[in-house]
Every structure is written in C-alpha cells, then in structure tokens.
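A short worksheet on the structure shown next.
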2 protein chains.
Amino acid sequence: MSKNYHHGSLRQALIEAALPVLKKKGIVGLSLRELAAELGVSHGAPYRHFKNKTALLEAIAVTGFNALQDICRKAMQDFPDDPRQQLYQAGMDYIFYVARNPEIADLMFRPGLSREESNTELQQAVNSAVGSLAAIIENGKQRKLYGDHQTMDLVLTSLSTVHGLAMFIAGGMLIDPASPESSIEALGKRVYNILLHGMAGE
Amino acid sequence: MSKNYHHGSLRQALIEAALPVLKKKGIVGLSLRELAAELGVSHGAPYRHFKNKTALLEAIAVTGFNALQDICRKAMQDFPDDPRQQLYQAGMDYIFYVARNPEIADLMFRPGLSREESNTELQQAVNSAVGSLAAIIENGKQRKLYGDHQTMDLVLTSLSTVHGLAMFIAGGMLIDPASPESSIEALGKRVYNILLHGMAGE
DNA sequence: ACCTGAACACCGTTCAAGT
DNA sequence: ACCTGAACACCGTTCAAGT
C-alpha cells in the first residue's frame, strides 16, 4: 500500500475524528479540511465518501439511531419476559448514551440539517430504531400494560420524553451538569414514573 | 441619515434575515456575509452586534424561548381558572409555533451550539420560559391536579414531550409532513392524554 | 476504486479608519 | 456608537490527473 493512501476505511475514520471536534467546537466549528489534515489525507479525499459536510453530519446521526436500536434490542434480550423493564432499561440506557455522546444526539432529530433531500439512509436508520422501540411497546401491549393507546402514539410520546430529557441533561440546561450518575438515574426514574402513570394523580 | 448606514436596527434585521436562510439551507449553509450583503451593509457590520456566527444563532434561540414564554403567559390569561386547559393550550400553541418556525426550534435545546461560554442571555431566556411553564404547573398543583410529583419533574417531562413531538412534526419524521392542522391537533390531543393519564391503562 | 493537488469562489473574523 | 473596506487565514467543493 502506498504511504500516501490512508490505511483503513477513511469513511469511518472521518466519522470518528469528527466526534471530538463536534464536542469541542460544535457544528459551526467543524471543517472537513481539518479532519482530512488530521487523518493525513488530502482535503479532497473526504468527498469520495461524503458528498458534502452535511452528509457527514447525517452519517453521524445514523450512528446515533443505530445505537438507539442496539439499546432497544439489548433491553429486549436482557428482559425477555418483562416488557415494562425493557422500556425502563432502554430509556435509561439511552439517557446515559446521550449524556456520554451529546454531540451525536445533537444531530439526531434535526429538521434543519438536510432540508433538501430526504437521505434514505438516515430515514431508514430512524425507521429501524423506531421499529425496535415499537417492538418493546408491542410486547407490553400483549401483556395489557398500555391500555388501548395506539402503538405509534406511545412510541412518539416515550421517545420524545426520553430524548428531551436526555438533551436537557446533556446540555446542562435546568440540570446541574455536575450531577453524579446516581442523581441522573433518580431523575430518570421519576420521569419514567410520570410517563407511565401520568402527570395527574390517580 | 447617511445612505451608507443601515436604516433601523441591524441586529434585529440580521435575526429576521437569517430565518428564511436557515429554513432553506440550514445552519451549515448560513453565512454572515450573505446576510450583510442582503441587508446592504458591509460584511464587517454584523460583528458590531454579534461576536460571531454562533452568537447570532443563539440570539435566534432566545427568540424561541421568548415565544414559549409568551405562549405560556397567554394560556394563563386566556384560562385564568382552568390550569388543565392552560397546559393543554400552551402545549398545542407551542406545537403549532414549532411547525411554523422549525428553524427556530431547531436551535433551542442544543448542547452543541455554545459548548464554551454559557451565554447568560440565552440561559436567562430559558429560565424565564421554564418559569412560566412552571407557573402553569403550580396553578394545577394548587387545584390538586398533579398528585405529589415535584414541579420540576413535571416541567421537564411535559416540556420534553411537547418539544420532542413538535420536532417530529416539524422535521416530517414519522409523521406525514403534509398532515393538515386538524390531524396534528388530533395527534397532540392523544399525546397530551397519554402524558396526563399515563401510558399504562388505568 | 480511491486519492492528490491545483483552482475557484466563498467564509469568519479582526482592525484601522472613517462619520 | 456604528459602519466601511482591506487584510488574513481559512473553508467547501470540483475536477483533471495520478496509482
């Protein structure tokens, strides 16, 4: 192999190199040229893998949805007979995932990123992740856990709530960013409880 | 007034000029120079009002939180004796606000924008808006609507849910972007119902 | 198939100078 | 106080050419 060629898969390397930059400097501060230089590759090279800067950001969003899917699947495997625990575990794991990777979650539910083309890969990753969450909800419905609400409404509500809470925590908004994991878990538990039994007292 | 000086307040003009650009081209596609040119002002002029591009984006986020505060206040005024209706109305108004202004909402809950300084103006706008929502919740608590949950937990849960749902709608994810207002309202009503009475059947 | 390197048109940001 | 316009160091993106 020529020493002027990047050794492994440049596409994946670009995604990984982008994460710490996004974390420190945000979307505005990220540049493809900087990533290329860091990886010892010419500034034109990234364009063999991403048609533009936005496409790289979308690829990172895809990894977030893939992580959400993995989290849902793992929760189902870990508690095959307890759909309520599946939902709780998946939600909590997702919150900790976002807390660890705020720069990824920050790209996930963004109408403003690709206002043009729909990006089928991203759309597909979203659908897969949502499908896994829907499976958890369906498991619960078979056990008569969730009344007669539509699955889609339950998915939307729970995903919105968990993702929103995760972003509050990740952004340090309203919540002390220095909170220990135990207090984040306690907060997650209280919110999960409200979600499950309602804001209104019984 | 000199014809080389912008007539009114350039700061506000920049914010307003940025909105359609953000809507069409997203954060990555926005440039201060383009805005300056559009407003007939030199490319250095924006820096008298914003210390950089991120500061402009944060100022736009502030307008979103101000809108949320206005929405909450209006709901309290419109239904002074019905805290439950206050919450429903505020939530629904916010959803329609986000549907009309996705490019603003897109900037509101973003850990990745200003990873550096905390931006006190933004932090203050967040606190004010959250305070108004908390007031609505407190009104409900005085009427014994919300059990014994902590106000902050109820605020976090409801705001997360409503904002998340709004972003799904605004981004056309999971929801047909061509949905008429009536079906958005119907969806909002179902989610509000789940939020109020819980995912679990009674 | 994947990368280089020149080329182009554009940016963000700073700053002395103007009014 | 607010804006101009030059200046600097950088970008995103394209494309012929190389391996």
Side-chain angles (χ1 to χ4, degrees), chain A residues 1-22 24-61 107 110 112-117 119 121, chain B residues 1-22 24-61 107 110 112-117 119 121:
Chain A
M1 64 187 183
S2 158
K3 72 172 170 212
N4 281 335
Y5 273 47
H6 189 266
H7 54 91
S9 136
L10 181 55
R11 189 191 144 93
Q12 186 58 27
L14 284 164
I15 290 175
E16 283 164 20
L19 297 182
V21 179
L22 283 173
K24 210 203 304 185
K25 303 200 282 182
I27 292 178
V28 177
L30 179 78
S31 98
L32 294 182
R33 287 176 102 112
E34 179 193 357
L35 297 181
E38 192 182 319
L39 295 172
V41 104
S42 83
H43 61 257
Y47 290 85
R48 291 296 114 202
H49 302 277
F50 302 104
K51 82 173 203 295
N52 54 33
K53 180 175 169 180
T54 298
L56 169 60
L57 295 176
E58 287 172 346
I60 293 172
L107 296 170
R110 322 202 87 287
L113 248 192
S114 66
R115 206 61 195 171
E116 321 100 48
E117 312 96 279
N119 189 338
E121 197 202 357
Chain B
M1 67 187 182
S2 157
K3 74 173 171 210
N4 280 337
Y5 274 47
H6 188 268
H7 54 93
S9 136
L10 180 56
R11 189 189 143 93
Q12 186 57 27
L14 284 164
I15 291 176
E16 282 164 20
L19 298 181
V21 179
L22 283 172
K24 211 203 304 185
K25 305 199 282 182
I27 292 178
V28 178
L30 179 78
S31 100
L32 294 182
R33 287 178 101 112
E34 180 193 356
L35 297 182
E38 193 181 320
L39 296 172
V41 104
S42 85
H43 60 257
Y47 289 85
R48 291 295 116 202
H49 301 277
F50 302 104
K51 81 173 204 296
N52 54 34
K53 178 175 169 179
T54 299
L56 169 61
L57 296 175
E58 287 172 346
I60 293 171
L107 297 169
R110 322 201 86 288
L113 248 192
S114 65
R115 206 60 196 172
E116 321 102 47
E117 312 98 278
N119 189 338
E121 197 202 358

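Convention: sequence-line order gives letters A, B, ...; per-chain numbering from 1.
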Practice item. Before giving the answer on side-chain contact (heavy atoms from CB on, under 4.5 Å), spell out for A:Val41 and A:Leu14 the whole-Å C-alpha distance, their side-chain angles and the decisive distance to 0.1 Å. Key: CA-CA 10 Å; A:Val41 104; A:Leu14 284 164; 5.9 Å; no
Check your understanding: Which residue pairs pass the salt bridge (Lys or Arg N to Asp or Glu O under 4.0 Å) test with at least one member in residues 35-44 of chain A, sequence neighbours excluded?
Key -> none
Practice item. Quick one: list whatever passes side chain to side chain donor-acceptor pair (under 3.5 Å) with A:Glu16, sequence neighbours left out. Key: A:Gln12
Revision key, fill the gap. Rounding to 0.5 Å, atoms CG (A:Leu10) and CZ (A:Arg48) come to a distance of 11.5 Å
Review point. Between C:dA1 and A:His49, is there an OP1 or OP2 to side-chain N/O distance shorter than 4.0 Å?
Key: no
Check your understanding: Between D:dA16 atom P and A:Arg48 atom CZ, what is the distance in whole Å?
Key -> 11 Å
Check your understanding: Under the salt bridge (Lys or Arg N to Asp or Glu O under 4.0 Å) rule, what pairs show up with a residue in residues 26-35 of chain B, not counting sequence neighbours?
Key -> B:Lys25-B:Glu34
Practice item. Nearest whole angstrom, please: distance from the C1' of D:dC3 to the CZ of B:Arg11. Key: 17 Å
Study note, to complete from the structure: Applying side chain to side chain contact (heavy atoms under 4.5 Å, CB included) to A:Ala18 and not counting sequence neighbours gives A:Leu30, A:Leu35, A:Leu56, A:Ile60
Check your understanding: Stepwise, does the side-chain contact (heavy atoms from CB on, under 4.5 Å) test hold for B:Leu22 with B:Leu107?
Key -> CA-CA 10 Å; B:Leu22 283 172; B:Leu107 297 169; 3.9 Å; yes
Review point. Considering residues at least two apart in sequence or located in another chain, which fulfil the side chain to side chain donor-acceptor pair (under 3.5 Å) criterion with B:Glu121?
Key: none
Check your understanding: In the 5'-to-3' direction, what one-character label does each nucleotide of nucleotides 6-13 of chain D receive under the scheme B = base within less than 4.0 Å of a protein heavy atom, S = sugar-phosphate only, - = no such atom?
Key -> BB---BBB
Review point. In which ranges does DNA chain C form stems of 3 or more consecutive Watson-Crick or G-U pairs, distances under 3.5 Å?
Key: C:4-8 with D:12-16, C:12-16 with D:4-8
